[in-house]
Amino acid sequence: MPKLSLPVRLALLVAGTTLPLIVFAVGLVIYNYEQDRRAATQRVLETVRSIRLVLDAEMQRMAGGLQVMARTNALRDRDFDSFRRIATGFLEQYGKDGVVLVADRDGRQLFSSVTADTASLQPRNNRDIVEKVFATKSPQYSNLFIDAAKKQLIVTAEVPVLRDGQVVSVVSFSPPIEIFQAIIEKQRPSRDWTISIFDREGVNFARVPNPQDTLGKRASPSLYAAMLRAPEATLSTVTLEGVPLITSFARSSLTGWTVAAGIAESSLVGPLWRNLAITSVIGGLLLLVGLAFAVRMATAIARGEMLHDLLIEELNHRVKNTLAILQAIATQTFRSANRIEREKFEGRLGALAEAHNLLSKEKWERSELRDVIDRVLQPYLLNAPERLRMSGPDVPLSPRLAVVLSMILHEIATNAAKYGALSNDSGKVALDWEVITEDVKPQLRLIWTESGGPHVTAPVQRGFGSRLIERSARDQLGGEATVDFLPHGVVYTVTCTLE
């Protein structure tokens, strides 16, 4: 065998050392890509669940305000002049384009916030949802349809007006579509994401990007077919613009609407090719000065940058993702539970979501007690603020105290609305608080006093809500909660240590 020249031996040496290292580095990059893809897929699903929870909380708040209006004497007695002032106060929360309507079972409009001339109003053109409210005696949420008066695409929340246990009319609210657009724009992690909200027919009424071009259009064929098969899934789809996505969707059990979100495949494939090219170039140039170390460091740096961006985005969504996981657990746990139990649990999650929204506004540093109370009692303050009197000093709360107190106040207000002073038209509530500085650590004391409600008798056994109030105050606030069932009204006293 002829002796190989030095250049050939060097070439073989270079080839023998370079190729295995490049193959190893390429395999490492591809492995990291697969890991990133799995993480991105899970993150898309968690983001969808988070947006669905935010959407449900907003619709529950909206329906709660309508239910409060539906219980007013002005609406029950069809005193529409008085009711117009109430409806105007409700609409101030949502902007000038929201509309409140009242219609009978035949779809004839009895009241419109747009005009006092009801004789000129056309009958409602979504009679199916009106019939459903009369049949179920419960709130309903419509598909996207064209409003008969404004000739615009709208969705509505519908609530029954009851008299002697029977539905006599329906109060309807069509919120500005911009409300839903704002929700998904705030939740969009980056420009690589496509997020949509669809009605029960798979028709889009909020989307980023290109909201104007896609309003009223059905979901892309691949996504629409999957939505018909399951309430929640993750799959590869192609947008109406032809962009490949990793997409997740989740259907709301409250409204029947579906939230879908997807991240562009290119945002994952692009870094893959970039990392492969960097690895190959570095491997060829730095072979004799530690190729393996250089490739590993380059891959680690690229991986670190991607993880850094991921962690920043995850921190921005940490609480909402937690609530989304709770929602998923609740769906599995309460699959066989009745509607009342589900509504109780969803109401408590809604209270947590409202507390999170307040804390997010304050950058998770602290919030004011009065702001927390206003958020929880907003549905009851809307139309009859004189029935709730609040008095106390400004008290800054830590995020933990704000969340726990929101849950406690939600339970107390819910009990008052069902059984206590807020369950009739004459009851009143006084909520007073003070800061006690006698001990080393200052303490907060809240006193909820009801009067004018139904005659009070102590229950035979405590429900879950009462136990939740007591345990939350004791275990999470380091204080206590007591309830006195006085004949003229219930009195709750909650104390906790301020941080």
Side-chain angles (χ1 to χ4, degrees), residues 56-57 59-73 75-76 133 136-139 159-167 171 254 330 334 337-352 354 373 375-390 405-431 446-473 481-494:
D56 283 352
M59 297 310 297
Q60 282 181 322
R61 186 172 74 92
M62 194 179 295
L66 291 175
Q67 287 174 317
V68 171
M69 288 196 296
R71 296 190 185 104
T72 61
N73 289 333
L75 186 53
R76 289 177 177 175
V133 174
T136 62
K137 300 182 181 180
S138 63
V159 167
V161 180
L162 301 174
R163 182 185 298 143
D164 299 327
Q166 299 299 317
V167 181
V171 58
L254 175 71
F334 292 160
N338 58 45
R339 180 175 60 84
I340 295 176
E341 291 173 334
R342 289 197 302 270
E343 289 179 351
K344 286 181 180 179
F345 189 85
E346 290 173 355
R348 289 161 184 153
L349 282 185
L352 282 177
E354 282 297 319
I373 294 173
R375 287 254 177 173
V376 174
L377 302 183
Q378 178 63 33
Y380 310 99
L381 292 169
L382 186 61
N383 296 310
E386 71 280 356
R387 297 181 62 186
L388 287 94
R389 181 186 62 80
M390 296 180 290
L405 284 175
S406 292
M407 290 295 296
I408 291 176
L409 287 171
H410 170 76
E411 293 297 327
I412 293 175
T414 300
N415 290 339
K418 289 183 176 181
Y419 315 110
L422 299 181
S423 66
N424 61 15
D425 296 329
S426 60
K428 295 184 178 181
V429 171
L431 178 55
L446 297 95
I447 302 176
W448 172 288
T449 306
E450 299 182 16
S451 62
H455 182 76
V456 176
T457 57
V460 177
Q461 59 182 9
R462 296 184 304 162
F464 174 80
S466 298
R467 296 196 301 272
L468 174 63
I469 294 172
E470 294 179 6
R471 290 176 180 174
S472 297
T482 61
V483 55
D484 297 315
F485 296 94
L486 305 179
H488 61 273
V490 175
V491 177
Y492 290 90
T493 302
V494 179

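This structure is a prediction, so every number in the text was calculated from the model and none was measured.
Pairing each heavy atom of Gly452 with each of Asn424, the nearest pair is O-ND2, 3.2 Å. Pairing each heavy atom of Val494 with each of Ala481, the nearest pair is CG2-CB, 4.1 Å. In terms of heavy atoms, Val429 sits closest to Glu450 at CG2-CG, 4.0 Å. Of all the heavy atoms in Leu254 and Met59, the pair that sits closest is CD2-CB, 4.2 Å. Shown here for Pro454 and Gly420, the closest heavy-atom pair between the two residues is CD-O, 3.3 Å. In terms of heavy-atom proximity, Ala70 sits nearest to Val161 at O-CG1, 3.8 Å.
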Applying side chain to side chain contact (heavy atoms under 4.5 Å, CB included) to Ile412 and Ile469, what does each step give before you reach the verdict?
CA-CA 8 Å; Ile412 293 175; Ile469 294 172; 3.7 Å; yes

Can Leu486 and Val456 be said to form a side chain to side chain contact (heavy atoms under 4.5 Å, CB included), step by step?
CA-CA 6 Å; Leu486 305 179; Val456 176; over 6 Å; no

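The shortest side-chain heavy-atom distance between Leu388 and Leu431 does not fall under the 4.5 Å cut-off. Between Asn415 and Tyr492 there is a side-chain heavy-atom pair separated by less than 4.5 Å. Under the 4.5 Å side-chain criterion, counting only non-hydrogen atoms from C-beta, Val483 is in contact with Val490. Counting heavy atoms from C-beta outward, Gln67 and Pro139 have side chains that approach closer than 4.5 Å.
Not counting sequence neighbours, Arg163 has no partner by the salt bridge (Lys or Arg N to Asp or Glu O under 4.0 Å) test. Taking Val167 as the reference, Phe134, Lys137, Pro160, Leu162 meet the side chain to side chain contact (heavy atoms under 4.5 Å, CB included) condition, with sequence neighbours excluded. Scored by the side chain to side chain donor-acceptor pair (under 3.5 Å) test, Arg76 finds no partners at all (sequence neighbours excluded). Legend: residues meeting side chain to side chain contact (heavy atoms under 4.5 Å, CB included) with Thr414, ordered by chain and number and at least two apart, are His410, Lys418.
Rounding to the nearest 0.5 Å places CG of Leu409 at 14.0 Å from CZ of Arg375. Distance check: Leu446 CG to Ile408 CD1 gives 8.5 Å after rounding to the nearest 0.5 Å. The CE atom of Met69 sits 8.0 Å away from atom CG of Leu75, with the distance rounded to the nearest 0.5 Å.
A donor-acceptor contact shorter than 3.5 Å is absent between the side chain of Arg389 and the backbone of Lys428.
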